[in-house]
Amino acid sequence: MSLLAGFLLLASCHKEEKIIVDNSFLNFEPTSSPDRIMMSIPSDPASTRAISWRTVYSDTNSIGQIIPLTPSPALEDSAKQISGSYKAWEIGDNKAMGHKVIFENLQANSKYAYRVGNGTQWSEWFQFTTSSNKIEPFSFLYFGDVQNDIKSKGSRILRQAYSNFPDVDFMLFAGDLVSRSTEEYWREFFYAGGWIFGMMPSIPTPGNHEYNKTDSVRTFSNHWNQIYTMPNNGPSPNLDNRVYYLDYQGVRFISVDSPAMGYTEETSDLILNWLEETLQSNPNKWTIVFTHFPVYSCSMGRNNENYRTKIQPVLEKYGVDLVLQGHDHSYCRGQNLENKMTESTNYPMYVVSVAGPKMYGLNTSFWSDRMASNTQLYQNISVDGNKISFETYTVTGELYDNFRIEKNRNGKNTIVIDPQFNDKGDLTNIPERAVQKYDQEQLEKYQEFFK
């Protein structure tokens, strides 16, 4: 029996059981009590926070109350009240109303409590801490695609990550938060994150699944701009909340909406020109770009040469330190330094990761130094002065990858990798649903590489 036939036989004998999840209890209608509360950062992270929520459609009062944190339960007695805005949760539908409020002029590195509502019906009180207005150490969580089976399996990655690292500053999402930007999927997403979303800011970039396809025309999510409020410093108002940068305690975070770059050459050029200007004017020591499509693909059939040809020269020209990506439903980490002049510049560390349960098989280019497939993962990333520490964990809480980027006084990076993680990886089995993407030669190459 050939190796390919053996793989196919194994797949046929162990077909994934079709699991029917009863989501009927999630089919709740909005009420006058606020739900789906999301915190984001609309401008300066030391002095602003934005909150969005949902209620019944008839509720057109959007109010936030905020107060410096106190142990007294009488929070509402001294809380400052802020008026917000409202808009239909879904365009053309009158079942639910979306609300937003922006808290401004907050004190840096300070603790606050807030609630939102209409003046009569209120959410619970949430607590948070603003960022520092100085260059100080911080950490954040990074998630690849959550996307599918969010209630049943995506929830465990969000909750495990928060349980392990409850003191991180924010959560960064590299696109495909949901499989389709519909009410049903966002319902599961908010169920999975629950009150965490109201306590810890989210910093997202869109994936291709945040776009809807109707009659062969792709349109952007009806929900995204209702949920998130990110800095309006992108190249065009049409790309607000998708293409932006955020300066956070010595790091410039840059969101690049990679699916938008495939629309037209005009949009692509607009984003690339903005990206180059944003990198060129960066006053920070560190630069992290987060985008959905990988520059170097991890999985079979996912190579996006057109995207790589456009964005890679810009990222490497300006020595971006770290590029965080999703889309490939597998894990890869490396710089792919072959045929590059490593003495001339800092080359990015490229990372692709997956948080949710949808899995693909690794490709056979094997460009990266650490890989994983068929494994739910999240990352804890810490920035401290001249060092970025990067840790990848499985959903069971086990450390799977670990490296540091150290920057000297001349701005030159050194990559320091724990020897036990500088290998091919041990979680590299091909998911059953992906076996048929490989031919016999590729399977033999795969088996030889990972033996």
Heavy-atom distance under 4.5 Å between the side chains of W224 and L177, does that happen here? yes
Using a distance-only test with no angle check, is there a side-chain donor-acceptor pair under 3.5 angstrom linking N413 and D321? yes
Q379 and T392: side chain donor to acceptor below 3.5 Å: yes
F165: ring-ring contact (aromatic ring centres under 6.0 Å, His included) partners, not counting sequence neighbours: Y393
Can you confirm whether R115 sits close enough to F126 that some side-chain heavy atom of one is under 4.5 Å from a side-chain heavy atom of the other? no
Can you see whether Q280 engages E276 through a side-chain donor-acceptor pair at a distance of less than 3.5 angstrom? no
Kindly indicate whether the side chain of F220, heavy atoms from C-beta on, has any atom under 4.5 Å from the side chain of N238. no
Modelled atom types, side-chain donor and acceptor of S47 and D44, under 3.5 Å: yes
Do any pairs count as a salt bridge (charged side-chain N to carboxylate O under 4.0 Å, His left out) and have a residue in residues 246-257, sequence neighbours left out, and if so which ones? R242-D257, D247-R252
Could you tell me whether E210 and R180 make a salt bridge, using a distance below 4.0 angstrom between a side-chain N and a carboxylate O? no
Side-chain heavy atoms of H292 within contact of N208, under 4.5 Å: yes
Other residues, nucleotides, ligands: >12 heavy atoms within 6.0 Å of I196 CD1: yes
Do L322 and F390 touch side chain to side chain, with heavy atoms closer than 4.5 Å? yes
Is it the case that H99 and T55 place a side-chain donor and acceptor less than 3.5 Å from each other? yes
Just so I know, are the side chains of R308 and N303 near enough to count as touching, which here means a heavy-atom distance under 4.5 Å? yes
Using 4.0 Å as the upper bound for N to carboxylate O, is an ion pair formed by E188 and K153? no
Do Q147 and H329 have side-chain heavy atoms sitting under 4.5 Å apart? yes
Do I37 and I51 come within less than 4.5 Å of each other through their side chains, counting heavy atoms only? yes
Quick one about S62 and K100 (side-chain donor to acceptor, distance below 3.5 Å, no hydrogens or angles considered), yes or no? no
List, one per line, each side-chain donor-acceptor pair under 3.5 Å for residues 395-403, sequence neighbours excluded.
from	atom 1	to	atom 2	distance (Å)
T396	OG1	T394	OG1	2.7
Y400	OH	M371	O	2.6
Y400	OH	D426	N	3.1
Y400	OH	L427	N	3.3
D401	OD1	R333	NH2	2.7
D401	OD2	Y331	OH	2.7
D401	OD2	R333	NE	2.9
D401	OD2	R333	NH2	3.4

Nearest 0.5 Å, please: how far is CZ in F143 from CD in Q376? 11.0 Å
The criterion is ring-ring contact (aromatic ring centres under 6.0 Å, His included); which residues satisfy it with H209, sequence neighbours excluded? none
Could you measure the distance from the OH atom of Y142 to the CD atom of Q325? Nearest 0.5 Å is fine. 6.5 Å
Quick check on side chain to side chain contact (heavy atoms under 4.5 Å, CB included): which of L272, V314, I311, L239 does V256 satisfy it with? I311
Test your reading of the model: is there a side-chain donor-acceptor pair from S110 to the backbone of A108, 3.5 Å cut-off? yes
S32 and D59: side chain donor to acceptor below 3.5 Å: no
Anything under 30° is parallel, anything over 60° is perpendicular, the rest tilted; go ahead and classify W186 against F189. perpendicular
Among side-chain atoms of N363 and S365, is any donor-acceptor pair under 3.5 angstrom? yes
Output side-chain donor-acceptor pairs under 3.5 Å for residues 77-92, partner residues at least two apart or in another chain, one line each.
from	atom 1	to	atom 2	distance (Å)
Q81	OE1	Q65	NE2	2.9
W89	NE1	E183	OE1	3.2

Using the ring-ring contact (aromatic ring centres under 6.0 Å, His included) criterion, which residues pair with Y248? Sequence neighbours excluded. F138, F170
Assign the ring pair F253 / F140 to parallel, tilted or perpendicular, where the plane angle (0 to 90°) is split at 30° and 60°. perpendicular
